[in-house]
Amino acid sequence: MTILGNLYSIVGETHPSESKADYVIRLDANDIIFKAHFPNEPILPGACITQMVLELYERWTGRNADISRIGNLKFLSAISPAEETELTVSIEKADTNDQTDRIKASITHAAICHAKMSMDIIYH
């Protein structure tokens, strides 16, 4: 399932260091997911947040990957496409080897952190 190009688009990308990437993304408030989650009060589902992080990490590394473990997953406040149309997704490599990477990610808007997580990523 790819949600890039449907639920969100990339409007900016920077790599401040070899181990860090920042993406500015724009949510599509008209995407069907917001009609179901939840009608009249849409919020970005947690599953979509983790999928966005995976897709952006795959884009950064140029490798197909899967999440093997999610740790320290915290949704700190709801993300409404009506209020937070642009978000910053920051991803940092915490540990890496040939087959797996451990990453940390955060999703922010206007200096407010909405979500943060760590993931183990495996390549295929």
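Residue numbers start at 1 and run along the sequence shown. Quantities reported herein were computed from a predicted structural model and do not represent experimental measurements.
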- Is Glu13 salt-bridged to Arg59, cutoff N-O under 4.0 Å?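 Salt bridge flag = yes for Arg59 with Glu13.
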
What I'd like to find out is whether the side chain of [X] reaches to under 4.5 Å of the side chain of [Y], using heavy atoms alone.
X	Y	value
Thr108	Leu87	no
Ile33	Cys48	yes
Thr2	Glu55	yes
Thr88	Tyr23	no
Ile122	Gln99	no
Val11	Glu86	yes

Those residues that, when tested against [X], pass side chain to side chain donor-acceptor pair (under 3.5 Å) (two or more places apart):
X	result
Glu58	none
Ser9	none
Lys20	Asp22
Thr100	Asn97

Measuring from [X]:[atom1] to [Y]:[atom2], what's the distance to the nearest 0.5 Å?
X	Y	atom1	atom2	value
Lys74	Ser118	NZ	OG	9.5 Å
Ile103	Ser19	CD1	OG	12.0 Å
Ile10	Leu4	CD1	CG	5.0 Å
His15	Ile91	NE2	CD1	9.5 Å

- Who passes side-chain contact (heavy atoms from CB on, under 4.5 Å) against Ile70, sequence neighbours left out?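 Partners of Ile70 by the side-chain contact (heavy atoms from CB on, under 4.5 Å) criterion, ordered by chain and then number, come out as Thr50, Ile67, Leu73, Met119.
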
- Task: Quick one: list whatever passes side-chain contact (heavy atoms from CB on, under 4.5 Å) with Ser77, sequence neighbours left out.
- Result: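 side-chain contact (heavy atoms from CB on, under 4.5 Å) list for Ser77, sorted by chain: Ile112, His114.
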
Can you give me the closest heavy-atom contact between [X] and [Y], atom names plus distance?
X	Y	result
Ile49	Ala115	CG2-CB, 4.4 Å
Trp60	Glu18	CZ2-O, 3.6 Å
Pro81	Pro42	CD-O, 3.4 Å
Glu84	Ala78	OE1-O, 4.1 Å

- Message: Taking side-chain hydrogen bond (donor to acceptor under 3.5 Å, both in side chains) as the cut-off, I'd like each qualifying pair that reaches into residues 32-48, sequence neighbours left out, listed once.
- Response: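 Of all non-adjacent pairs touching residues 32-48, none passes side-chain hydrogen bond (donor to acceptor under 3.5 Å, both in side chains).
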
- Hphob cluster co-occupancy, Ile43 + Val53, side-chain heavy atoms under 4.5 angstrom: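 No, it is not one cluster - the side chains of Ile43 and Val53 are not joined through contacts under 4.5 Å.
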
- Only counting residues at least two apart or in another chain, list the ones meeting ring pair (Phe, Tyr, Trp, His ring centres under 6.0 Å) with Phe34.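 Ring pair (Phe, Tyr, Trp, His ring centres under 6.0 Å) check on Phe34 returns nothing, list empty.
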
- Query: Out of Asp28, Leu56, Leu44, Thr85, which residue meets the side-chain contact (heavy atoms from CB on, under 4.5 Å) rule with Tyr8?
  - Reply: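 Output: one option passes, namely Leu56.
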
- Only one of Thr61, Asn64, Asp66 clears side-chain contact (heavy atoms from CB on, under 4.5 Å) with Tyr123; which?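 Result: among Thr61, Asn64, Asp66, Thr61 is the only option passing the side-chain contact (heavy atoms from CB on, under 4.5 Å) with Tyr123.
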
Can you name the residues that form a salt bridge (Lys or Arg N to Asp or Glu O under 4.0 Å) with [X], not counting sequence neighbours?
X	value
Arg69	Asp120
Glu83	none
Asp31	none
Glu92	none

- Item | Test log, rule side chain to side chain contact (heavy atoms under 4.5 Å, CB included), inputs Ile3 and Met52 | CA-CA 7 Å; Ile3 57 177; Met52 280 189 325; 3.7 Å; yes

- Does Gln51 reach the main-chain N or O of Ala47 with its side chain, forming a donor-acceptor pair under 3.5 Å?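 Flag not set: sc Gln51 to bb Ala47 has no pair under 3.5 Å.
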
- Query: More than 12 heavy atoms of other residues, nucleotides or ligands under 6.0 Å from NZ of Lys116: is that the case?
  - Reply: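 No, NZ of Lys116 has 12 or fewer neighbouring heavy atoms, counting only those of other groups under 6.0 Å.
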
